[in-house]
Amino acid sequence: MEERQGQFYISSPPQSDFTRKVNRRAGITDLKQRAHGSRSWIKIDQDGNSEIVTLDKATIMRHCSLPSRDLRLLDPKFIYPSSILGREMAIVVNLEQIRCIITADEVILMNSLDGTVGRYRSQLCNRLRREKSDDLPFEFRALELALELTCTSLDAQVNELELEIYPVLDELASSISTLLLERVRRFKGHLLALTQRVQKVRDEIEHLMDDDGDMAEMCLTEKRRRSDASLSNDCFQTRSSTGRVISKSAPTSPERSVSGLQMLPRALSGFANSSKYGSSTGSSDNEERIQPLEMLLEAYFIVIDNTLNTLSSLKEYIDDTEDFLNIKLGNIQNLLIKFEMLLTAATLVATIFAAVAGVFGMNFETSVFDYPSGFNWVLAITGIACVALYFALLFYFRYKKVLPE
């Protein structure tokens, strides 16, 4: 604070703290608005009509009866692996770039500029308009196209990588260079990332095929038909014998409640008797319901499994090339060791010869210098001895198997 003429004035630092708090609260508010804000979606109905709508998260949750954690799988801000979730009223699909919610009568597709999303929209609309009498329910047809485009996209990426990496590996096997090694390193990283993506799609399809309960949850049309049938049966059972409809919310008389209590044990006994028949026929009905979906998943499981096998073969080829390069480098290293040993032995022999020549080249008195060619004989004998020593060293190295052949 600053004191001026008996009055106190607030200095600037507290005011800046207040401003920072306001800005921080505003930032948190903006984050909340972005988290619960509206997004652009593409809605496709059963007739193949599509439109771009703007929906917020709460609206989609109420419309499709989905929890918030399922919608996080479709959020482009988060990176989640591929997954297919069957819920009560919808199927949540997160396959590569295709992120959508499939219900019994419409598809809510995340709008994006990616080419895969555009192809999914156009092909699904064309199929729904052309193939009106398809045996598959609507949700299975939409899921089939998502699996088809995903498997096709992954297979195309694998083929493209395969065409790029095979020539590089063949060239690297013939001549090793830093540039080729760097390219192979990048290709290998791309291969590992692509393998993880393909593996996740394959595991998700395999998980659905192994779990009949998850496949039964994805039969949305059948569940809606049974729900409508049960509702019609309930409405039919509420009619009285005179044809008058009895409201379920209307108060009942004591006599009617007593009669209802008397009928309760009979109904329970009837339910107990029918449960035995229901347990025996429920599994067969469930198998009949999920059989089209199981056949659909099995077909694309074979496709994605072949793609994964191609990636495995490509990885094995890279590993074989690395092993060949290691062998080749080991051979080069052995040649260098051989050359180094030969050079070391030659240096030793030359050093001995130079030492003898240097000793006899000094000015000291000896009987060798009494002869005119005495020094030449010393050099000749020393040279012959050094050559003999050199070959003796080579023979010793070969004998001890220190020097490679």
Side-chain angles (χ1 to χ4, degrees), residues 44-48 64-66 70 73 82-96 98 100-109 120 123-124 126-152 154-155 198-233 274-309:
I44 306 173
D45 58 9
Q46 292 180 341
D47 298 328
C64 302
S65 298
L66 293 175
D70 290 345
L73 296 176
S82 298
S83 58
I84 303 174
L85 303 178
R87 295 297 183 250
E88 183 65 26
M89 296 178 59
I91 301 174
V92 182
V93 178
N94 177 21
L95 292 175
E96 295 296 321
I98 300 177
C100 62
I101 302 172
I102 303 174
T103 62
D105 52 6
E106 64 181 2
V107 175
I108 303 176
L109 177 65
Y120 180 84
Q123 293 186 20
L124 181 60
N126 293 333
R127 290 187 183 184
L128 293 176
R129 291 168 186 171
R130 291 196 315 264
E131 304 171 1
K132 294 290 186 181
S133 60
D134 199 336
D135 295 336
L136 290 176
F138 172 77
E139 64 272 12
F140 292 171
R141 298 171 67 182
L143 179 62
E144 179 185 9
L145 182 58
L147 290 172
E148 178 182 347
L149 292 180
T150 301
C151 295
T152 303
L154 291 175
D155 189 67
V198 174
Q199 182 70 44
K200 182 56 184 176
V201 176
R202 180 187 178 278
D203 293 343
E204 191 66 23
I205 297 176
E206 185 179 11
H207 172 72
L208 291 176
M209 292 172 58
D210 294 339
D211 197 335
D212 294 343
D214 290 344
M215 287 191 290
E217 285 290 332
M218 299 171 65
C219 301
L220 304 178
T221 302
E222 182 67 20
K223 288 195 295 184
R224 173 175 288 186
R225 186 185 64 80
R226 293 196 175 193
S227 178
D228 295 340
S230 63
L231 289 177
S232 62
N233 291 333
S274 63
S275 62
K276 298 179 180 179
Y277 176 77
S279 61
S280 61
T281 60
S283 58
S284 61
D285 293 340
N286 193 16
E287 290 180 358
E288 292 179 358
R289 281 192 302 162
I290 67 177
Q291 185 176 5
L293 178 60
E294 188 174 4
M295 295 176 63
L296 175 67
L297 294 175
E298 184 177 357
Y300 288 100
F301 177 79
I302 295 174
V303 175
I304 199 68
D305 189 65
N306 291 333
T307 304
L308 187 61
N309 291 334

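Annotation: side chain of I84 is in contact with side chain of I91 (closest heavy-atom distance under 4.5 Å). Between T103 and E106 there is a side-chain heavy-atom pair separated by less than 4.5 Å. Residues L220 and P137 are not in side-chain contact: their nearest non-hydrogen atoms beyond the backbone lie 4.5 Å or more apart. Taking 4.5 Å as the limit, every side-chain heavy atom of L128 sits out of range of all side-chain heavy atoms of D45.
No salt bridge links R141 with E144; every basic N to acidic carboxylate O contact stays at or beyond 4.0 Å. Between K200 and E96 there is no salt bridge, since no side-chain nitrogen of the basic residue lies less than 4.0 Å from a carboxylate oxygen of the acidic one. D305 has a carboxylate O that lies under 4.0 Å from a charged side-chain N of R202, or vice versa, which qualifies the two as a salt bridge.
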**Request:** Test side-chain contact (heavy atoms from CB on, under 4.5 Å) on L293 and L143 and set out the steps.
**Result:** CA-CA 10 Å; L293 178 60; L143 179 62; 4.0 Å; yes

From CA spacing to verdict: side-chain contact (heavy atoms from CB on, under 4.5 Å), L208, M218: CA-CA 10 Å; L208 291 176; M218 299 171 65; 4.1 Å; yes

| said: Could you walk me through whether I108 and C100 satisfy the side-chain contact (heavy atoms from CB on, under 4.5 Å) test, starting with their C-alpha distance in whole Å, then the side-chain angles of each, then the deciding distance to 0.1 Å, before giving a yes or no? | reply: CA-CA 5 Å; I108 303 176; C100 62; over 6 Å; no

Q) Is there a side-chain contact (heavy atoms from CB on, under 4.5 Å) between S82 and N94 once you walk through the steps? A) CA-CA 5 Å; S82 298; N94 177 21; 5.8 Å; no

| said: Assess the residue pair E139 and T221 against the criterion (side-chain hydrogen bond (donor to acceptor under 3.5 Å, both in side chains)); give the C-alpha distance rounded to whole Å, side-chain angles, the decisive distance to 0.1 Å, and a yes or no. | reply: CA-CA 8 Å; E139 64 272 12; T221 302; 2.6 Å; yes

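For the residue pair I290 and C219, the shortest heavy atom distance occurs at CG2-SG, 4.2 Å.
The backbone N or O of A142 lies less than 3.5 Å from a partner atom in the side chain of Y120, making a donor-acceptor pair. A donor-acceptor contact shorter than 3.5 Å is absent between the side chain of K223 and the backbone of M89. In this structure, the side chain of N306 engages the main chain of I302 through a donor-acceptor pair within 3.5 Å.
In this structure, CZ in R87 is found 11.5 Å from CD1 in I101, a value given to the nearest 0.5 Å. From L147, atom CG reaches atom CD of E204 across 10.0 Å, with rounding to the nearest 0.5 Å. Note that CG of L95 and OG of S83 are 7.5 Å apart. Values are rounded to the nearest 0.5 Å. Atom-to-atom distance recorded for L124:CG and F138:CZ is 6.0 Å, nearest 0.5 angstrom. With values rounded to the nearest 0.5 angstrom, F140 atom CZ is found 12.5 Å from M295 atom CE. Between atom CE of residue M215 and atom CD of residue Q291 there is a gap of 10.5 Å, rounded to the nearest 0.5 Å.
Listed by chain and residue number, Y300, V303, I304 satisfy the side chain to side chain contact (heavy atoms under 4.5 Å, CB included) test with C151 (two or more places apart in sequence, or in another chain). The salt bridge (charged side-chain N to carboxylate O under 4.0 Å, His left out) test applied to E294 returns no partner, not counting sequence neighbours.
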